[in-house]
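These figures come from a predicted structure and were not determined experimentally. Order of the sequence lines fixes the chain letters, A, B, ..., with proteins taken first and strands second; residue numbering starts at 1 for each chain.
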Amino acid sequence: MPVYALVDANNFYATCEKIFAPELMDKPLVVLSNNDGCIVARSAEAKALGIPMAAPIHQHRHFCQQHGVVIKSSNYTLYGDMSARMLSILQDMCPRVESYSIDESFLDMAGFPDITKYAYEIRRQLRRQVKLSCGIGIGPTKTLAKFANHIAKNQLYWGGVFNALDHPSDMLDALMAQYPVSEVWGVGRRLTVRLNADGINTVLDLKHCGPIAIRKRYGIVLEKTVRELNGESCLAIAEVGEPRQQIMASRSFGTVTQDVDAIKTAICHHVSRAAEKLRQQHSVAQHVYVMVRTNPFRDQDVPYRRTTLVPLAYPSADTAILMSAALAGLQQIFRPGLKYHKCGVMLGQIAPVGNVQPDLFSPSDDPKRLRLMALMDNINRVHGSNMLRFASLDLSNSWRMRAGGRSPCYTTDWRALPVVFCR
DNA sequence: TCTGGGGTCCTAGGACCC
DNA sequence: TCTGGGGTCCTAGGACCC
């Protein structure tokens, strides 16, 4: 029988910040999204003050000042490195791991003896080695492991580990009856409204729905969810290392801009980042999507949102080729006089380098250019990102995002190593 | 004044073919 | 006068996740 464990770090971003700033250990702390826009993580103390998730910070700045809440910009270099350390510990303790998000992993624990005891040991190791506190939920399907994780985090009695397989089904049903259907993994805002209108209010209500009827009314995704709630595994582990099918890079501008040159620079910057990721997974792309938009939250601005797809003549991972395609796309969708708020690119139709057979009629990247790209990636890896870059990235700096309260990159930059004083 | 970014999967509908 | 229907492929967009 399949057994899945979901390991989820508590208040991940907030905890990463506190690990390297012990003076903040008991203080309420929030972490902001890119561009210092909204709140994306809260420490336990900040949650206790009632600060909501995903709220724009400007609506709560006054409250935070009044209550001494520490406000940090997000530092994805630090969180990404802490996440990699967490993942490596999990991979040491379990051979099949899916890194589901920056702070969550699914473990395939089928065949493990005494799984609950082992989960407590995983939790202990994560705390000892990287100072992260985790909740672990265990169940026969991913959806049930998610639900069990929710119990592990919300009911302190279980000490951070809840194994659905340890308990009789009537007890699990009683737990499911306590939680709203919106807590189910895969049930978002829209589905919740529709389900509630159909009289399906709790997790248990959804579990008791017929999968066929659900498929007819809501589609195959929710059907799988219902089956999973009933213990029938429909979603398998996707192991670490599978290449991405789309690679995106997008950002809001620090301040809105009408300047086409600023947007061009930003687009080149995004292409550069996406292409680096593309080469890192040894792939090539055949489509470049370009996106620009104005600020949808400002009623006084003309709403404008366009994407366009630029197909390449042949699949490529050459930054220069991807850039010129993206700039051609931008030219199609840029309208003068609008106040642009965000732009981005997405690479699509991605395939492994080896799958592309070069011949007379289907050309591929010039090997010399590929060596140049590899050299650039290597230099940037060793000496810091953007040490070697395309000149087009320097045309204008006016699009860059705000990040006023970012902490140092303690674990990835020699110059930012934490300093310890001994008395 | 100030509202993130990066993914996945599914579906509806258009274009095209025979 | 009367002008099909079914299949495939592709894309845009929606819903979800963290």
Side-chain angles (χ1 to χ4, degrees), chain A residues 6 8-13 30-41 52-62 64 71 73-76 79-80 83 98-106 142-143 146 149-150 181-195 215-225 234-236 238 242-256 266 270 273-274 277-278 281 286-287 289 291 293-301 305-311 339 341-350 401-404:
Chain A
L6 178 69
D8 181 335
N10 298 328
N11 318 323
F12 182 63
Y13 297 171
V30 297
V31 180
L32 306 182
S33 62
N34 276 323
N35 232 355
D36 290 350
C38 45
I39 297 164
V40 293
M53 182 65 167
I57 184 63
H58 66 89
Q59 290 172 1
H60 295 88
R61 209 176 275 280
H62 184 63
C64 287
I71 301 174
S73 299
S74 46
N75 180 348
Y76 286 100
Y79 312 149
S83 173
E98 169 184 351
S99 167
Y100 174 66
S101 76
I102 195 162
D103 67 340
E104 283 176 58
S105 290
F106 283 105
K142 281 178 155 185
T143 305
K146 265 278 194 186
N149 182 277
H150 196 73
V181 70
S182 56
E183 292 296 345
V184 174
W185 186 42
V187 177
R189 213 178 61 239
R190 311 266 173 161
L191 274 175
T192 301
V193 172
R194 288 179 59 197
L195 287 167
R215 178 183 199 140
K216 266 194 190 144
R217 194 160 165 75
Y218 294 92
I220 193 171
V221 179
L222 198 64
E223 180 198 352
K224 283 184 185 170
T225 299
C234 302
L235 305 168
E242 285 173 30
R244 304 249 164 262
Q245 299 168 37
Q246 306 170 342
I247 295 173
M248 294 186 50
S250 67
R251 282 286 144 80
S252 317
F253 304 121
T255 48
V256 292
H270 299 330
R273 281 199 307 137
K277 286 189 200 170
L278 183 70
Q281 66 170 41
Q286 198 157 8
H287 284 172
Y289 295 82
M291 181 272 293
R293 72 161 205 223
T294 56
N295 189 342
F297 295 102
R298 280 175 60 93
D299 295 333
Q300 61 270 50
D301 285 1
R305 177 177 190 270
R306 287 286 183 284
T307 56
T308 188
L309 178 149
V310 184
K339 291 179 178 165
H341 170 252
K342 182 178 180 177
C343 73
V345 300
M346 190 183 95
L347 306 180
Q349 286 273 295
I350 290 175
M401 64 179 185
R402 290 185 299 268

Legend entry - Distance test, side-chain N/O of A:Asn295 to OP1/OP2 of B:dT3, below 4.0 Å: yes
Inset, instruction - Just call it for A:Leu191: base, sugar-phosphate, or nothing, with non-hydrogen atoms closer than 4.0 Å on any strand. - result: sugar-phosphate
Inset, instruction - Examine B:dG6: is either OP1 or OP2 under 4.0 Å from a nitrogen or oxygen in the side chain of A:Arg273? Give yes or no. - result: yes
Inset, instruction - Check the surroundings of atom CZ in A:Arg305: do more than 12 heavy atoms from other residues, nucleotides or ligands lie under 6.0 Å from it? - result: no
Legend entry - Ion pair check, A:Glu183 and A:Lys146, cut-off under 4.0 Å: no
Legend entry - Phosphate OP1/OP2 of B:dT3: any A:His341 side-chain N/O under 4.0 Å: yes
Legend entry - Presence of A:Ser252 side-chain N/O under 4.0 Å of B:dG5 phosphate oxygens OP1/OP2: yes
Legend entry - Worked check of side chain to side chain contact (heavy atoms under 4.5 Å, CB included) between A:Phe253 and A:Arg402: CA-CA 8 Å; A:Phe253 304 121; A:Arg402 290 185 299 268; over 6 Å; no
Inset, instruction - Could you give the distance separating B:dC16 and C:dG4 at their C1' atoms, to the nearest angstrom? - result: 15 Å
Inset, instruction - Indicate, with a heavy-atom threshold strictly under 4.0 Å, whether A:Asn34 touches base, sugar-phosphate, or nothing. - result: sugar-phosphate
Inset, instruction - Describe the nucleic acid contact of A:Ile102 in one word from base, sugar-phosphate, nothing, applying a heavy-atom distance below 4.0 Å. - result: nothing
Inset, instruction - Quick one: label A:Asp103 by what it contacts on the DNA or RNA (base, sugar-phosphate, nothing), any heavy atom closer than 4.0 Å. - result: sugar-phosphate
Inset, instruction - Report which part of the nucleic acid A:His270 touches: base, sugar-phosphate, or nothing (heavy-atom distance under 4.0 Å, all strands). - result: nothing
Legend entry - Sugar-phosphate only, base, or nothing, as touched by A:Arg61 at under 4.0 Å among non-hydrogen atoms: nothing
Legend entry - N or O in side chain of A:Lys277 less than 4.0 angstrom from B:dG7 OP1/OP2: yes
Inset, instruction - May I ask you to evaluate whether A:Lys342 reaches the phosphate of B:dG6, defined as a side-chain N or O under 4.0 Å from OP1 or OP2? - result: no
Inset, instruction - Compare side-chain N and O positions of A:Ser250 against OP1 and OP2 of B:dG6 and report whether any pair is under 4.0 Å apart. - result: yes
Inset, instruction - Quickly work out the A:Arg215 CZ to B:dC10 P distance and round it to whole Å. - result: 10 Å
Inset, instruction - Have a look at A:Ala54 and say if it touches a base, only the backbone sugar-phosphate, or nothing, with a 4.0 Å heavy-atom cut-off. - result: nothing
Inset, instruction - Could you tell me whether A:Val256 contacts a base, only the sugar-phosphate backbone, or nothing, with contacts defined as non-hydrogen atoms closer than 4.0 Å? - result: nothing
Legend entry - No-hydrogen, no-angle side-chain donor-acceptor test under 3.5 Å, A:Thr294 and A:Asp301: no
Inset, instruction - Determine the contact category for A:Ile247: base if any of its heavy atoms lies under 4.0 Å from a base atom, sugar-phosphate if only primed atoms, P, OP1 or OP2 are that close, otherwise nothing. - result: sugar-phosphate
Legend entry - Side chains of A:Glu104 and A:Ser101 in contact at under 4.5 Å (non-hydrogen atoms): yes
Inset, instruction - Verify the contact: side-chain N or O of A:Gln245 to OP1 or OP2 of B:dG7, cut-off strictly under 4.0 Å; return yes or no. - result: no
Legend entry - A:Phe297 side-chain proximity, nearest of C:dC18, B:dG4, B:dC2: B:dG4
